[in-house]
Protein chains: 2
Amino acid sequence: MVEHDIPRATAKRLPIYYRYLKLLLDSGTVRVSSNELSDAVKFDAATIRRDFSYFGALGKRGYGYDVEALMTFFGEILNQDTLASVALVGVGNLGQALLNFNFHQSSNARIAAAFDVNPDIVNTIQSGIPVYSLDDLEKQITDQRIDVAIVTVPADVAQDVAKRLATAGVRGILNFTPLRLDVPKSIRVQNVDLTNELQTLLYFINNFGEK
Amino acid sequence: MVEHDIPRATAKRLPIYYRYLKLLLDSGTVRVSSNELSDAVKFDAATIRRDFSYFGALGKRGYGYDVEALMTFFGEILNQDTLASVALVGVGNLGQALLNFNFHQSSNARIAAAFDVNPDIVNTIQSGIPVYSLDDLEKQITDQRIDVAIVTVPADVAQDVAKRLATAGVRGILNFTPLRLDVPKSIRVQNVDLTNELQTLLYFINNFGEK
DNA sequence: CGTTTTTTGTGAATGAAATAACAATTTTTT
DNA sequence: AAAAAATTGTTATTTCATTCACAAAAAACG
């Protein structure tokens with residue numbers, strides 16, 4: 001595989017490129033230049049060209065990029081052909097919403113199982129997804145070959161859940177709790193801290209916004 | 001005000017420091033070192049010291065930082081004393097969840113009004129928050145002196161909503177749509193792209209995870 | 001078919017953030 | 001009270017990311 005030494009920053013932009021290319025293809029657009037892309041996704045055109053260049057020479061000088069070819073290429077890199085099964089741990093407010101949401105925009109991932117301790121919802125189907133007892137975590141993760149988990153449990157049990165997920169063999173965690181999880185470094189943790197996002201926004205507008 | 005030239009990266013960490021300091025104070029801890037902080041929040045100790053140093057000499061050599069003093073100091077910087085009113089536009093799955101969530105962990109912001117087009121919920125109270133028609137957006141934003149909005153509408157109307165929010169005088173937008181919004185640069189936009197977070201996580205575990 | 005225009009791919013320059021390293025200072029210990 | 005240990009604040013260094021700028025190549029045009 002060619003892909004190593006892909007900067008983190010570039011990797012984070014790949015799904016955004018992919019999504020926009022899909023849009024272009026659907027609208028019947030055949031070719032696109034780094035400048036047009038730049039307008040849409042709001043990254044500098046040079047950044048885009050540099051990003052693409054890590055994967056080889058994908059474009060044609062004086063022409064631009066072939067939308068379909070580029071989309072197919074990134075689709076493979078992003079494993080759009082294989083469906084990833086995801087677990088959701090903690091069916092509270094946020095968890096419930098994510099169940100409903102189920103990342104429909106992306107066709108290569110779906111929540112396959114949810115877990116909670118609340119007896120009212122354990123062994124029910126929520127938004128089409130079975131909710132299991134937290135006690136069954138390890139068994140279901142193994143049986144269903146799940147390797148990514150979304151964690152939306154209260155902060156005080158997050159670390160414990162993370163540990164259990166790690167033991168159960170999960171390879172990636174999307175962490176919605178404000179805690180920084182301690183996990184073996186073979187496991188990738190992506191933090192999404194909604195309160196922090198809002199706080200940061202408030203800080204910026206309070207301190208640098210032109211009144 | 002001393003605060004300018006605070007790097008973005010530092011600003012994003014401030015709420016995290018603040019939150020952990022509050023935890024420490026509640027647990028009765030009087031002093032803390034950059035190394036202890038580092039263990040908890042998982043940033044390098046040098047990074048933490050550097051962050052703090054932008055605000056002056058807050059610690060004491062050989063001792064560390066006084067938890068209460070530091071917390072008070074950051075509390076002021078983060079405007080923990082004044083309550084910010086926030087609007088939520090788009091009460092779908094995610095919007096509904098955020099209403100419920102209402103950022104309770106932070107006491108300086110609360111959702112004061114929600115907006116939607118769905119007649120079933122317009123003029124009802126959802127999770128304790130009044131839902132107005134989208135038509136009333138401008139009026140309510142002005143009347144309630146709201147200057148931050150959370151946007152959880154479908155992608156195809158996001159740009160239009162953003163424009164209206166800008167005109168109505170909002171100064172910050174927390175954008176949950178995958179679109180990059182075009183707004184006057186006096187308005188701060190913070191993007192939260194959940195699908196992208198999951199896609200990026202999948203990319204990393206598929207390409208660099210030790211099988 | 002030659003000239004002009006467009007646009008890529010990339011070396012070089014710049015910028016931003018993270019980390020290392022350590023003198024300066026205070027605390028703790030003996 | 002002296003010696004040892006701890007810990008900051010900051011200078012220097014390194015790493016990572018963005019942007020500039022332009023030669024090379026292809027396309028479009030007249």
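On a predicted model such as this, the values are computed, not experimentally measured, just so you know.
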If the cut-off is 4.0 Å, is A/Ser34 near the phosphate of C/dT7, judged by side-chain N/O to OP1 or OP2?
no
The correct set of residues in residues 58-66 of chain B placing a heavy atom under 4.0 Å from DNA chain D is B/Leu58, B/Gly59, B/Lys60, B/Arg61, B/Gly62, B/Tyr63, B/Gly64, B/Tyr65
By nearest-heavy-atom nucleotide on DNA chain D, the more 5' of A/Ala46 and B/Val32 is B/Val32
When rounded to whole Å, the CZ to P distance for the pair A/Phe52 and C/dG9 reads 9 Å
note: A/Lys12, atom NZ; D/dT18, atom C1'; distance rounded to Å ~ 16 Å
note: B/Asp5, atom CG; C/dA16, atom P; distance rounded to Å ~ 10 Å
Determine: side-chain N/O of B/Thr47 to OP1/OP2 of C/dA18, distance under 4.0 Å, yes or no. no
Could you walk me through whether A/Asp135 and A/Arg164 pass the salt bridge (charged side-chain N to carboxylate O under 4.0 Å, His left out) test, one step at a time? CA-CA 10 Å; A/Asp135 299 334; A/Arg164 288 177 61 189; 5.2 Å; no
Quick one about B/Tyr54 and B/Asp5 (side-chain donor to acceptor, distance below 3.5 Å, no hydrogens or angles considered), yes or no? no
Per nearest nucleotide of DNA chain C, the residue lying toward the 5' end, B/Arg31 or B/Phe43, is B/Phe43
Next on the checklist: Which label fits B/Phe52 and B/Phe74: parallel for a plane angle under 30°, tilted from 30 to 60°, or perpendicular past 60°?
Outcome noted: tilted
B/Lys42 meets the side chain to side chain contact (heavy atoms under 4.5 Å, CB included) criterion, sequence neighbours left out, with A/Arg180, A/Asp182
Establish, from distance only, whether the side-chain atoms of A/Asn35 and A/Ser33 form a donor-acceptor pair under 3.5 Å. no
Check your understanding: Backbone N or O of B/Phe43 within a donor-acceptor pair of the B/Thr47 side chain at under 3.5 Å?
Key -> no
From the list B/Ile141, B/Thr152, B/Val161, side-chain contact (heavy atoms from CB on, under 4.5 Å) with B/Val89 holds only for B/Val161
B/Phe55 CZ to D/dG9 P, in whole Å, measures 13 Å
The contact string for nucleotides 12-17 of chain D, one letter per nucleotide 5' to 3', using protein heavy atoms under 4.0 Å with B, S and - for base, sugar-phosphate only and none, comes out as B----S
Checking C/dT19, D/dT10, C/dT10 against the side chain of B/Asp44 (C-beta onward), the nearest is C/dT19
**Message:** Evaluate B/Arg31 against B/Asp66 for salt bridge (charged side-chain N to carboxylate O under 4.0 Å, His left out), listing each step before the verdict.
**Reply:** CA-CA 5 Å; B/Arg31 70 185 241 190; B/Asp66 181 275; over 6 Å; no
B/Arg49 CZ to C/dC22 P, in whole Å, measures 13 Å
Whole-Å distance, B/Asp51 CG to D/dT8 P, equals 13 Å
message: Please tell me whether A/Gln199 and B/Asn108 have a donor and an acceptor in their side chains that are separated by less than 3.5 angstrom.
response: yes
